[in-house]
Structures are given as structure tokens and as C-alpha cells.
Amino acid sequence: MADFVTSAGGDASSAPAAGPEPGPDRKPDSLQIGVSRPPLTLDDLPTPEEVFDKPRIGFREIVTVVLGPSMIALGASLGSGEWLLGPLAFGKYGFLGLGWLIVISGILQVLYNVENARYVIATGEVPIVGFSRVPPGFKLWIPATLFIIILGWIWGGWAAAAGQSLFALFSGRAADASRPGEVEAYRLIAVGLMFLSLLIYSVGRKIERTLALVDTFMVILTLGAVVILAVVFAPGALWVEMLRGIVTPAAPPSGIDPVLLGSIIGYTGFGSGMNFLLINYYRDHGYGMGHKVGFFSGLVGGEKKSVRPSGMTFRESPENAALWKRWFRYLKIDQWGVFFTGAMIGMFVPGVLVRALAAAPGAAEPTTENIPVYAAVELGRRGGFFFVFVLIIGAMILFKTQTSVLEILIRNVTDSAIAVSPRLRERINGDPRRAYYGMAVLFILVIAVIIHLALPARLLQIAGNMSTLASLIYPVLLIYLNTKLPRPARAGGWSIAVLVLNILFFGYFFLNFAWSMIAGRP
């Protein structure tokens, strides 16, 4: 894997030259960033009107066609921290000492997302491929990143938890963990849900667009339903408690499990240091230079569409500088307006609901074992309709999350393999679907085995702490990459500062988790 196919189709060594030195009348035709990857070909940024095939981009077009990638991220986030781990913590410990940390986590994650997307929009390269440019190069960063990704997201806890919800829906009660047959039943349901996810990926011109449409519908439906339930069943005093927890700095609640604490901090939003996995969708959606690099298409409704193994960037000119500002503005609207707002609602509102249910006379205590169906069981005491309705909502949230997480795994492994393996590029003959769907089946089979190893919520707690581990690594790589971009896109002091804050904040919670695992105390 020491050679690569350049954007022009020729071979380049693992440390390619940037081309001939430009003379006084010759402008450079490429920009070399880092090592072990071909130079980035220079071209002009496309206009948003060109990308989205609209005569002009106004408010309506921003809502209907420009926004979208962060809705996939939001769809992936709601089933981990927001539906399971956050309510588990809030239900047991309340909001004081947790609420303000979750808000800080959400803000830092958005800032981190924006810095990842800065690189993608400027170069068309997805983060995992961009990271391979950082010294010493792809031979370290591709396998190391794939290892961390798989370690963090292979567990299948969302599918298993969705299986628990559907088992309860079919049987009229929660599965009994002491009965192996019932546990096996919901795990088999989980495997079936993952194959259903694969069916969803198979449809549409762009897999990214199919996911955005599905996630938009399901996020609006599920979040809307949870908000209504919380308004109906949570007293005003609990809403005040929640707001006070958001604005009051305080130590974490005494006795909270450090594994649980680290996981809800990591899973606020999506996955702290792992959030770079989500940013691939900006390339596929066509933001900036991503429009010129390609996208993954569906088997049904899609067509053979190559994805360039190496990215492109833009020439420094007044026109491109103005276009960069437009693309970056749309990115910030997508991240702050959709992702951050939705993540905060998704984290706190289910927490208020579960906190209210846990405080009711005779209510069970939220636990790792019962949290996937806790709200349904407790609301079921108020009527059979609520039991069925909340199980359906919970299953939809968890299924949607597993669908997104599985797809994220598949596309990041496929993107990195196409980028570094000339042999694979030769075999797929310009059609990345050949690699993508084979990888999908392999991951489903592996996850089908893994979900038999532990309870769903515990699997998610482990994955959440692996996300904070990534925060110690990838912000550093981003600082390297983003300070070498063309001047209009280049990261400045503010960008570097927010990435350092990500390292310090999330890294602290990972070290706390790691120490508790080693020493037996936080």
C-alpha cells in the first residue's frame, strides 16, 4: 500500500512531490498537505446554487436542501445518551452537577464538528483520510483510527436495546434477564433490525440523502412525542430543577458510577472525539469541494459513481474566499441550529420525563437492565396505550441510532480502504458500492455475535467512554491539518483554542474512567 492513484489517475509515491516549481507566470496546480498522500489538486469552489441545482439559495432552500448532514448526526445521537444513558443518570441522581457539564459537552462538540467540517469542505477529503496525512502518515493513522472506531462503535447496544423494546411490545412485558430464551429472543430481533438497516442503505441516489430524509422524519416524530409526554407527566418543579442544573456549576452527584458519568458526557450530541465520523456526510451532501470528490450511491435508485481516493482544494482568489464564507455560514447554521438545539432537547427532555416517573409512588429505580423499556413500563401503569406507544417510540429511536451508527462504521472503513489500497480500487472498478455493501454484511455478522456478550446499556457505556479517548488524539491531528489549508479556510487562534479545550474537557473524563477501571475508584 505504498503507492496511490492520484486524482489525475497516475501513481504517486508515499511521499509525493508537489509538482514543478511555478515560474513567474505559472500558478501552482496542487497543494501538498502533510505526508504519505498525493497533493490536493487545485480547482474553484462550486457555488451552492450549482451544487443544489437552484437558481438562488434563500431561507426555503436552506431548510429544504442545504441543511441535512447534522440531522443524520442528531438521529444517531438520540438513542445513546439521550434516550438511555442521560435518563438513567438523571432518573437516579437528578440534574444538579450533571446539567451544566452536558451543556459544556454539547458546545464543545459543535465547535469540534465545525473544525472537522472545515477540513472536509475545503478539501473534499473525509476526516479519516485527512488524518492519514499527519506524520508519520497513513501506516499509523489509518489502522489506529479504524481500531478506535471499531472499539467504540462495534458493540451493537442500540440494536439490542431496540430488540428489548420490540420484545416487550410483542409479549406485553419486559424481557426477564434471568430467562435465557427471552434474552436470546430480543437479540435475534436486534439482528433482524440490522438487516433492515441494510435495506434502507440500499435505496436512493445518495445513501446520505436517504438517511437524511429518514432521520428528519423520525427525529421530528420521536422528539415531538417525548416532548408532549414530558409536558403532560412532568411537574413544573422538575423543569425548574432541570434549568437550575444547566446553569449551576457543581460537582457530579456523589456515588455516580464513573463509567456512566463518562459515557453521558461522551454521548451528549454524538460521541465527543468520535464526532469526525459524522462529518463524511458533508462531502456526500456536496458542501464545498466535497461536491467534486463524489459520494456513495444506493443499489436501488443509484448509479455507478466513483469517489476520488484523494481530495481537492481551492485556489486562493477573491471569488473563492467569498464562496468559502457562504459554505462556512451554512455549516454553522446546520450545526448550531439543528444539531446543538436538537441534542439539548433530546438530552434534557427525556431526562425530565424519566425523573418524573422515577419519583412517582411505587416506581422502580432506573437501572442498566431496565432503562431501555423503563419509560414504557412506568407509563404503562397509567394505561395500556402508553405502554405500547412509548415502546414504539423507544424502538424507533434506538433503531434509528443503530442504523446511523452501522452506516457510519461501514462508510468510514470503506472510505479509508479506497483511499489507501490501489488493489481495492482496481477490483471495484470505479464503483465503491462493491466494497461498501460487502463491508456492510461483514459488520452485521460481527455485531450479531457481539450483542450476545453483555446487556445493551452496559455496552453503550463502554462505547461512550471510548469516544472520550478519541478526544485526546484527533483534535491534535485537526490542528495540524487545518493550519495548512488555503488562507480563507485556514484555522486561526480561536479554532486552535477550542480544539485544546476539547482535549482537556473530554480527556479528563476518559482518564477518570480509565483510572476507575484500573484502581477501582474514580
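Heavy atoms only: backbone and side chains are in, while hydrogens, waters and symmetry mates are out. Predicted model only: the values in this text are computed from it and were never measured.
- Remark: Asn482 CG to Leu499 CG distance equals 7.5 Å, nearest 0.5 Å.
- Closest approach of Pro475 and Ala470 over heavy atoms only: CD-O, 3.8 Å.
- Without hydrogens or angle criteria, Thr145 side chain to Ile142 main chain gives no donor-acceptor distance under 3.5 Å.
- Neither side chain, Tyr374 nor Thr367, offers a donor N or O lying under 3.5 Å from an acceptor on the other.
- A salt bridge between Arg209 and Asp284 is absent, with no side-chain N of the basic residue lying under 4.0 Å from a carboxylate O of the acidic one.
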Walk me through it: do His291 and Phe52 pass the test ring-ring contact (aromatic ring centres under 6.0 Å, His included)?
-> CA-CA 10 Å; His291 177 65; Phe52 300 115; 8.4 Å; no
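- With 3.5 Å as the limit, one finds a donor-acceptor pair spanning the side chains of Ser105 and Gln109.
- Taking the side chain as every heavy atom from C-beta outward, Thr123 and Phe314 never approach each other to under 4.5 Å.
- Geometric assessment of Arg283 against the ring of Phe296 yields a positive cation-pi assignment under the 6.0 Å and 45° thresholds.
- A 4.5 Å side-chain heavy-atom check between Trp327 and Val51 finds at least one atom pair inside the cut-off.
- Side chains of Ser471 and Ile503 form no contact here, defined as non-hydrogen atoms less than 4.5 Å apart.
- Remark: side-chain polar atoms of Asn502 are paired, donor with acceptor, to backbone N or O of Leu108 under 3.5 angstrom.
- Ion pairing of Glu241 with Arg355 is present here, as a side-chain N (NZ or NE/NH1/NH2) and a carboxylate O approach within less than 4.0 Å.
- Interatomic distance, OG1 of Thr222 versus CD1 of Ile393, reported as 6.5 Å (0.5 Å rounding).
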Derivation and outcome, side-chain contact (heavy atoms from CB on, under 4.5 Å), residues Thr210 and Ile207 | CA-CA 5 Å; Thr210 299; Ile207 295 173; 5.6 Å; no
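- Thr341 places no side-chain N or O within 3.5 Å of a backbone atom of Val338 that could act as its donor or acceptor partner.
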Given the rule in the side-chain contact (heavy atoms from CB on, under 4.5 Å) test, do Val293 and Glu125 qualify, once you have shown the distances and angles that lead to the verdict?
-> CA-CA 8 Å; Val293 173; Glu125 285 189 345; over 6 Å; no
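- Within the 4.5 Å cutoff, no side-chain heavy atoms of Lys305 are placed close to those of Pro432.
- With rounding to the nearest 0.5 Å, the separation of CZ in Phe443 from CG in Leu198 is 13.0 Å.
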Show the numbers, then the answer: is there a side chain to side chain donor-acceptor pair (under 3.5 Å) between Ser70 and Gln335?
-> CA-CA 6 Å; Ser70 64; Gln335 280 294 312; 5.0 Å; no
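- Relative orientation of the Tyr282 and Tyr287 rings is perpendicular, given thresholds of 30° and 60° on the angle between their planes.
- Contact check for Glu49 versus Pro55: no side-chain heavy atoms found under the 4.5 Å cut-off.
- In this structure, Asp415 and Val129 approach most closely via the heavy-atom pair O-CG2, 4.0 Å.
- Two residues are said to be in side-chain contact when any heavy atoms from C-beta on lie closer than 4.5 Å; Leu45 and Trp324 meet this criterion.
- The shortest heavy-atom contact between Ala448 and Val191 is CB-CG2, 3.7 Å.
- Looking at every heavy atom in both residues, Ala435 comes nearest to Thr414 through CB-CG2, 4.0 Å.
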Is there a side chain to side chain donor-acceptor pair (under 3.5 Å) between Asn116 and Asn275 once you walk through the steps?
-> CA-CA 8 Å; Asn116 275 287; Asn275 279 19; over 6 Å; no
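- Looking at Lys292, its side chain does come within 3.5 Å of a backbone N or O of Asp44 through a donor-acceptor pair.
- For the atom pair CD1 of Ile200 and CD of Glu407, the computed distance is 11.0 Å after rounding to the nearest 0.5 Å.
- A distance below 6.0 Å separates the ring centres of Phe509 and Phe505.
- Heavy-atom neighbours of Lys325 NZ from other residues, nucleotides or ligands within 6.0 Å: at or below the threshold of 12.
- With Tyr474 as the partner, the ring pair (Phe, Tyr, Trp, His ring centres under 6.0 Å) test is satisfied by one option alone out of Phe506, Tyr119, Phe131: Phe131.
- The aromatic rings of Tyr201 and Tyr436 stand perpendicular to each other, their planes meeting at an angle above 60°, with 30° marking the opposite boundary.
- Considering every non-hydrogen atom in both Gly75 and Ser404, the closest pair reads C-OG, 4.4 Å.
- In this structure, CZ in Phe167 is found 11.5 Å from CG in Leu188, a value given to the nearest 0.5 Å.
- Using a 4.5 Å heavy-atom cutoff, the side chains of Leu166 and Leu193 are in contact.
- For Glu303 and Arg433, the salt-bridge test fails: no basic side-chain N is under 4.0 Å from an acidic carboxylate O.
- Judged by distance alone, the side chain of Arg434 and the main-chain N or O of Gly430 form no donor-acceptor pair under 3.5 Å.
- Annotation: Arg60, atom CZ; neighbour count of heavy atoms from other residues, nucleotides and ligands within 6.0 Å does not exceed 12.
- Taken from CD1 in Ile444 to CE in Met439, the straight-line distance is 12.5 Å, to the nearest 0.5 Å.
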Stepwise side-chain contact (heavy atoms from CB on, under 4.5 Å) check, Asn370 with Val377 = CA-CA 9 Å; Asn370 67 19; Val377 171; over 6 Å; no
Given side-chain contact (heavy atoms from CB on, under 4.5 Å), test Phe276 with Ile149 step by step and report yes or no.
-> CA-CA 10 Å; Phe276 67 83; Ile149 290 171; 4.2 Å; yes
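- Between Val103 and Met344, the closest side-chain pair of non-hydrogen atoms falls below 4.5 Å.
- Distance alone, capped at 3.5 Å, is enough to place a donor-acceptor pair between the Arg118 side chain and the Ala489 backbone.
- Side-chain atoms of Asn412 come within 3.5 Å of backbone atoms of Ile408 as a donor-acceptor pair (strictly under, hydrogens ignored).
- Not one N or O on the side chain of Glu378 forms a donor-acceptor pair closer than 3.5 Å with the backbone of Ala375.
- The pair Lys400-Asp215 does not meet the salt-bridge criterion, since no charged nitrogen lies less than 4.0 angstrom from a carboxylate oxygen.
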